[in-house]
Amino acid sequence: MAERVAILLAAGVSSRMNTQLPKVLHEVTGRPMLAYVLDACRSVGVDRIYAVVGFRAEQVQERFAEESSDIVWVHQPQQLGTAHAVMCCRAHLQDFTGQTLVLCGDGPLIRAKTLQTLIEKHEAEQSAATLATAVLEDPVGYGRIIRDAYGNIQGIVEDSDCTPAQRAVREVNPSYYLFNNQVLFKALEKVKPDNVKQEYYLTDALSVIIASGHKVVAITAVRPEEAMGVNSRAELSVASKIMQHRIQQELMENGVTIVDPDNTWIDARAKIGQDTVIEPFVYIHGEVRIGRDCRIGPFAFLRHGTVIGDDVVLGVFTEVKNATLADGVRARHHSYLGDAIVGRHVNVGAGSITANFDGDKVNQTTIGDGCYIGSGTVLIAPLVLQAGANVGAGLVVSQQDIDKLCESQDK
Ligand code: UD1
Ligand code: CA
């Protein structure tokens, strides 16, 4: 296999997002955009990833600190354009003779399968550069693919530099490229900022490569959605919606029933078992695991750190956070289980909650197997209820109460 590295462009300020947060940290279904691009690179196999960061670079590095063993962070002090961003990697890559994948951090809808096709085409054609193209209904804002009468690619012209005829072209550049690394860096030296924005455009490197007689080819079968770069909050919501559709599609293929996909929101990190039914208006946020044969919702809110066993029923307005619920738990109406360990076949009555926060810190509640918690109960954490305990409706229970009760029973 050829040696391959990836360069991810993630230094931009993103004025159109109107944000203080680096653009690539904005989330799509619970994960920062850059995470999806990293996933795609990793799944096609790259030896190293050079992530070019600039605006609030330390924030980006910090966010990925735990999953960055294959990442080399490269600093782009001033955002002078996509070609300049790639050029910032020169010190690391000038002697590298393998393949270099270049992708943008603001394209979370990229699919590994497309990258695989890109790589296969590049190797089959032995081209100096291979890009992907997509045909859009509305190509506004994207670089247009300019071809000659024979269909050969001549170059890419940015939206702001297009002539009216070029602007009418609907074949666009999603910014997925695979280069012969040596050819790439040689071409970058010749790129000049002679365009409306006065930036160094990576897209111009392709014209340089073609002009110097190298072979540039494209894969054209890229879905329109995959071409999408997120440049505004409105586009972020569109990308999130598409990603949500993908997540739900995969869950349904894996045997999960989603009754009303349009009114359900499931985090990219969630795992759900076979024959579980997700009723309408369920919101699952963060790393959440749900077993088999469960019924969740309508109107349930499952938050980060929730682990649910098999055959669990959570009904209307049940909120669960950082809690483990064993098989057979029932919490059908209006309850909050936060920072709790709930044993097998526990029944949580309507309106019962764990009072997990004492105003200073968050405390844990442990409810043993088979406990029956009546309606309207407040369980004040930290609290341990032994297996089989029966808590009557409307009680406010603290550990002190229980200790006292045990003492009196002992006497
Ligand atoms: C770019 C492409 C365009 C393509 C579109 C697809 C160029 C010149 N244009 O346009 O052909 O259709 O993506 O989404 O490449 N960045 C840096 N440093 C810089 C400038 C940008 O790291 O100096 C990063 C940004 O953070 C972003 C990515 O590069 O992640 C793309 O930059 P952006 O300004 O969004 O380019 P587009 O105008 O969308
Ligand atoms: Ca963009």
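Whatever order the structure lists ligands and atoms in, that order sets their numbers, starting from 1.
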Please determine, by modelled atom types, if [X] and [Y] share a side-chain donor-acceptor pair under 3.5 angstrom.
X      : Y      : answer
Thr19  : His26  : yes
Gln76  : His84  : yes
Gln182 : Gln94  : no
Ser240 : Ser237 : no
Arg48  : Tyr50  : yes
Thr133 : Tyr142 : no

May I ask whether [atom] is less than 4.0 Å from at least one protein heavy atom?
atom                    : answer
atom 36 (O) of ligand 1 : no
atom 15 (O) of ligand 1 : yes
atom 29 (O) of ligand 1 : yes

Residue and atom name of the nearest protein heavy atom (relative to [atom]), distance in Å to one decimal:
atom                    : result
atom 24 (C) of ligand 1 : Leu9 CB, 3.7 Å
atom 8 (C) of ligand 1  : Tyr201 CD2, 3.2 Å
atom 34 (O) of ligand 1 : Arg16 NH2, 4.6 Å
atom 22 (O) of ligand 1 : Ala11 N, 2.9 Å
atom 26 (O) of ligand 1 : Gly12 N, 2.8 Å
atom 4 (C) of ligand 1  : Asn173 O, 3.1 Å
atom 31 (C) of ligand 1 : Cys104 SG, 3.6 Å
atom 33 (P) of ligand 1 : Asp106 OD2, 4.5 Å

- Task: Answer with side chain, backbone, both or neither: which part of Ala10 has a heavy atom less than 4.0 angstrom from an atom of ligand 1?
- Result: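 The backbone, only.
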Backbone or side chain, does any N or O of [X] fall under 3.5 Å from an N or O of ligand 1?
X      : result
Gly143 : yes
Gly141 : no
Pro174 : no
Gln78  : no
Glu158 : yes
Gly81  : yes

Under 4.0 Å from a heavy atom of [X]: give me the atoms of ligand 1 that qualify, with their elements.
X      : result
Ser175 : 1 (C), 2 (C), 4 (C), 5 (C), 6 (C), 13 (O)
Asn231 : 35 (O), 39 (O)
Leu80  : 23 (O)
Thr82  : 7 (C), 8 (C), 15 (O), 20 (C), 21 (C), 29 (O), 31 (C), 32 (O)
Ala85  : 17 (C), 18 (N), 22 (O)

Do the rings of [X] and [Y] sit parallel, tilted or perpendicular, given the 30° and 60° boundaries?
X      : Y      : answer
Phe301 : Tyr283 : parallel
Phe299 : Phe317 : parallel
Trp73  : Phe64  : tilted

Would you call [X] and [Y] a salt bridge, taking side-chain N to carboxylate O under 4.0 Å as the test?
X      : Y      : value
Arg63  : Glu27  : yes
Asp47  : Arg4   : no
Glu171 : Arg147 : yes
Lys192 : Asp194 : no

- Task: In sequence, state the C-alpha distance, the side-chain angles, and the governing distance for Asn363 and Asn356, and then conclude on side-chain hydrogen bond (donor to acceptor under 3.5 Å, both in side chains).
- Result: CA-CA 5 Å; Asn363 302 299; Asn356 58 335; over 6 Å; no
- Apply the side chain to side chain donor-acceptor pair (under 3.5 Å) test between Gln248 and each candidate in Arg246, Gln244, Glu250; give the one that qualifies.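 Single side chain to side chain donor-acceptor pair (under 3.5 Å) partner of Gln248 among Arg246, Gln244, Glu250: Gln244.
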Is [X] close enough to touch ligand 1? Criterion: a residue heavy atom under 4.0 Å from a ligand atom.
X      : value
Gly105 : yes
Lys23  : yes
Thr203 : yes

- Query: When you measure from atom 18 (N) of ligand 1 to each heavy atom in Gln76, Met17, Met33, which option holds the nearest one?
  - Reply: Gln76
- Message: Which heavy atom of Gln166 sits nearest to which heavy atom of Asp161, and what is that distance?
- Response: OE1-O, 4.1 Å
- Note on the structure: If you count every protein N, O or S atom closer than 3.0 Å to the Ca ion (ligand 2), you should arrive at 2
- Message: Tell me which one of Arg292, Arg330, Arg344, Arg295 satisfies salt bridge (Lys or Arg N to Asp or Glu O under 4.0 Å) with Asp311.
- Response: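 Filter result, single survivor: Arg330.
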- Item | Heavy-atom check, side chain of Asn254 versus side chain of Gln274, under 4.5 Å | no
- Message: Measuring only between side-chain heavy atoms, which start at C-beta, is Leu9 closer than 4.5 Å to Val86?
- Response: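 The answer is yes, as the side chains (C-beta and beyond) meet within the 4.5 Å cut-off.
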